[in-house]
Amino acid sequence: MPGRHAAAMIKGLPVSLVSVEDVLAEMERTIRARDAGRYISITNTESMYHGLRIAEHGRYIRGADFSLCDGVGVIAAGLAWGHRIRRLNGPILQLECSRFGIRHGWRHFFYGGKEGVADEMAARLRAALPGLIVCGTHCPPFRELTAAEDEAIVRRINDSRPDIVWVGLGLLKQERWVAAHLGRVNAPWMVGVGASFDYHSGAVPWAPALLRKLGLEWVFRLIIQPRLRARRYWWSLLYVLEAAAAGVLRGEFLRRPSTG
């Protein structure tokens, strides 16, 4: 179960039952203490699908200090298991941490994205949030790094003294990177946030606020990126149906939903 915090267990995988205030308070406590090696899993239905089938990814979700809900599919699966789960996805978490961290002097490092994306995101966030500290950015090549290259980027990150390393390499790849660098990257927190880099840099349009509020961001993504999203949403649908059926068969949906 993530950290010391309440979590919904859905087919053996946790989703944290926390508010954004809970997350920010714990992050600030850890950053003040310089307690390195913590990480957050942004957990959507595709992530849960793979977590049930790829042991390494399942361990990643279970080992996270927070496993935060990304998407209405996780909320629906949670209800079938008797839990009312709050949504807190990667792009929103990044904005909340950026705003909150200004008055606390948090230092952010952006690792990932296509060429120039991390730099553009940094520029846009600094313009929107004066006082935001971006202590470094790096766009890795689209291939496996050599041991020397990897060691060099670890030194670069550590030399910048980040409080949070935001990793934008896409689902599964970014989680593997975080897991492989625990104990090597001297940052209190690492968070794989996938599409956040694209949205906050303007490389890919973010769904209108109304659609995000209604939980229909996935429809917008499917329209603008049909080839990329179709297979991924099929996996997501399979997970929701599988998890909901399991919850119903166990009678979990009959329980009064818990919220932590």
Side-chain angles (χ1 to χ4, degrees), residues 1-31 37-52 57-79 81 83-101 106 108 112 163-172 174-179 182 187-197 199-200 206-207 212-213 215 217-218 221 232 236 239-240 243 257-260:
M1 184 174 292
R4 303 182 304 275
H5 310 283
M9 296 300 292
I10 305 173
K11 296 201 72 181
L13 295 176
V15 183
S16 298
L17 298 172
V18 292
S19 67
V20 65
E21 291 79 15
D22 296 328
V23 177
L24 294 173
E26 177 64 9
M27 293 180 77
E28 169 60 9
R29 186 196 68 77
T30 304
I31 288 169
R38 313 288 286 275
Y39 71 94
I40 294 172
S41 170
I42 303 299
T43 307
N44 60 19
T45 46
E46 184 187 356
S47 182
M48 298 284 266
Y49 174 91
H50 291 304
L52 294 175
H57 192 65
R59 287 193 297 271
Y60 180 90
I61 296 173
R62 286 189 289 270
D65 290 88
F66 294 103
S67 170
L68 300 179
C69 167
D70 179 5
V72 294
V74 176
I75 294 173
L79 287 173
W81 281 73
H83 302 286
R84 185 173 290 115
I85 299 171
R86 296 183 178 98
R87 185 184 183 200
L88 182 54
N89 66 17
I92 294 298
L93 176 67
Q94 192 172 9
L95 287 178
E96 293 287 350
C97 286
S98 296
R99 294 190 187 103
F100 182 87
W106 288 4
H108 305 261
D163 295 309
I164 309 171
V165 177
W166 301 96
V167 185
L169 299 176
L171 183 63
L172 297 185
Q174 65 196 12
E175 286 78 13
R176 284 194 294 268
W177 191 93
V178 170
L182 290 171
W189 293 93
M190 290 193 281
V191 192
V193 287
S196 291
F197 280 46
Y199 295 153
H200 294 324
W206 201 4
R212 299 200 304 266
K213 185 175 181 180
E217 189 174 354
W218 65 273
R221 290 179 181 178
R232 300 176 68 173
S236 295
Y239 168 76
V240 172
S258 63
T259 59

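Only heavy atoms go into these numbers, but all of them, side chains included; no hydrogens, no water, no symmetry mates.
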For Phe100 and Met27, what are the C-alpha separation, side-chain angles and deciding distance, and is it a side-chain contact (heavy atoms from CB on, under 4.5 Å)?
CA-CA 10 Å; Phe100 182 87; Met27 293 180 77; over 6 Å; no

Of all residues at least two apart in sequence or in a different chain, which pass the side-chain hydrogen bond (donor to acceptor under 3.5 Å, both in side chains) check with [X]?
X	answer
Asp163	Arg34
His108	Trp166
Ser41	Thr43
Ser98	none

Inter-residue atom distance [X].[atom1] - [Y].[atom2], 0.5 Å rounding:
X	Y	atom1	atom2	result
Arg84	Ile75	CZ	CD1	11.0 Å
Ser196	Leu93	OG	CG	8.0 Å
Gln94	Tyr199	CD	OH	12.5 Å
His83	Leu17	NE2	CG	6.5 Å
Asp65	Ile40	CG	CD1	7.5 Å

Does Phe66 form a side-chain contact (heavy atoms from CB on, under 4.5 Å) with Arg38? I'd like the steps, not just the answer.
CA-CA 9 Å; Phe66 294 103; Arg38 313 288 286 275; over 6 Å; no

Search all heavy atoms of [X] against all heavy atoms of [Y] and return the closest pair with its distance.
X	Y	result
Leu182	Gly37	CD2-O, 3.7 Å
Ile42	Leu88	CD1-O, 4.4 Å
Ile10	Ala77	CD1-C, 4.2 Å
Cys97	Leu24	SG-CD2, 3.8 Å
Ile61	Ser47	CD1-OG, 3.6 Å
Arg86	Cys69	O-CB, 3.3 Å

Quick one: does any side-chain atom of [X] pair with a main-chain N or O of [Y] as donor and acceptor, under 3.5 Å?
X	Y	answer
Ser16	Ser67	yes
Trp81	Ala243	yes
Glu175	Leu172	yes
His200	Pro91	yes

Tell me, please, which residues at least two apart from Arg176 pass salt bridge (charged side-chain N to carboxylate O under 4.0 Å, His left out).
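Per chain and number, Arg176 pairs via salt bridge (charged side-chain N to carboxylate O under 4.0 Å, His left out) with no residue.
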
Once ring pair (Phe, Tyr, Trp, His ring centres under 6.0 Å) is applied, do any residues pair with Tyr239, and if so which ones, sequence neighbours excluded?
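Result, ring pair (Phe, Tyr, Trp, His ring centres under 6.0 Å) vs Tyr239: none returned.
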
Test ring pair (Phe, Tyr, Trp, His ring centres under 6.0 Å) applied to His57 - qualifying residues, sequence neighbours left out:
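His57 satisfies ring pair (Phe, Tyr, Trp, His ring centres under 6.0 Å) with no residue once adjacent residues are dropped.
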
Val20/Ile92 under side-chain contact (heavy atoms from CB on, under 4.5 Å): CA gap, chis, key distance, verdict
CA-CA 10 Å; Val20 65; Ile92 294 298; over 6 Å; no

Does some side-chain heavy atom of Thr30 sit less than 4.5 Å from a side-chain heavy atom of Glu26?
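Contact flag for Glu26/Thr30 side chains = yes.
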
Side-chain contact, heavy-atom cut-off 4.5 Å: Leu171 with Asn44?
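Yes, their side chains come closer than 4.5 Å.
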
Going by the rule side-chain contact (heavy atoms from CB on, under 4.5 Å), which residues pair with Asp22 if we only count those two or more places apart in sequence or in a different chain?
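Result, side-chain contact (heavy atoms from CB on, under 4.5 Å) vs Asp22: Val18, Ser19.
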
Listed by chain and number, what are the side-chain contact (heavy atoms from CB on, under 4.5 Å) partners of Arg99, not counting sequence neighbours?
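For Arg99, the residues satisfying side-chain contact (heavy atoms from CB on, under 4.5 Å) (neighbours in sequence not counted) are Leu95, Glu96, Leu129.
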
Hey, mind stepping through Met190 and Ile164 against side-chain contact (heavy atoms from CB on, under 4.5 Å) and telling me if it holds?
CA-CA 6 Å; Met190 290 193 281; Ile164 309 171; over 6 Å; no

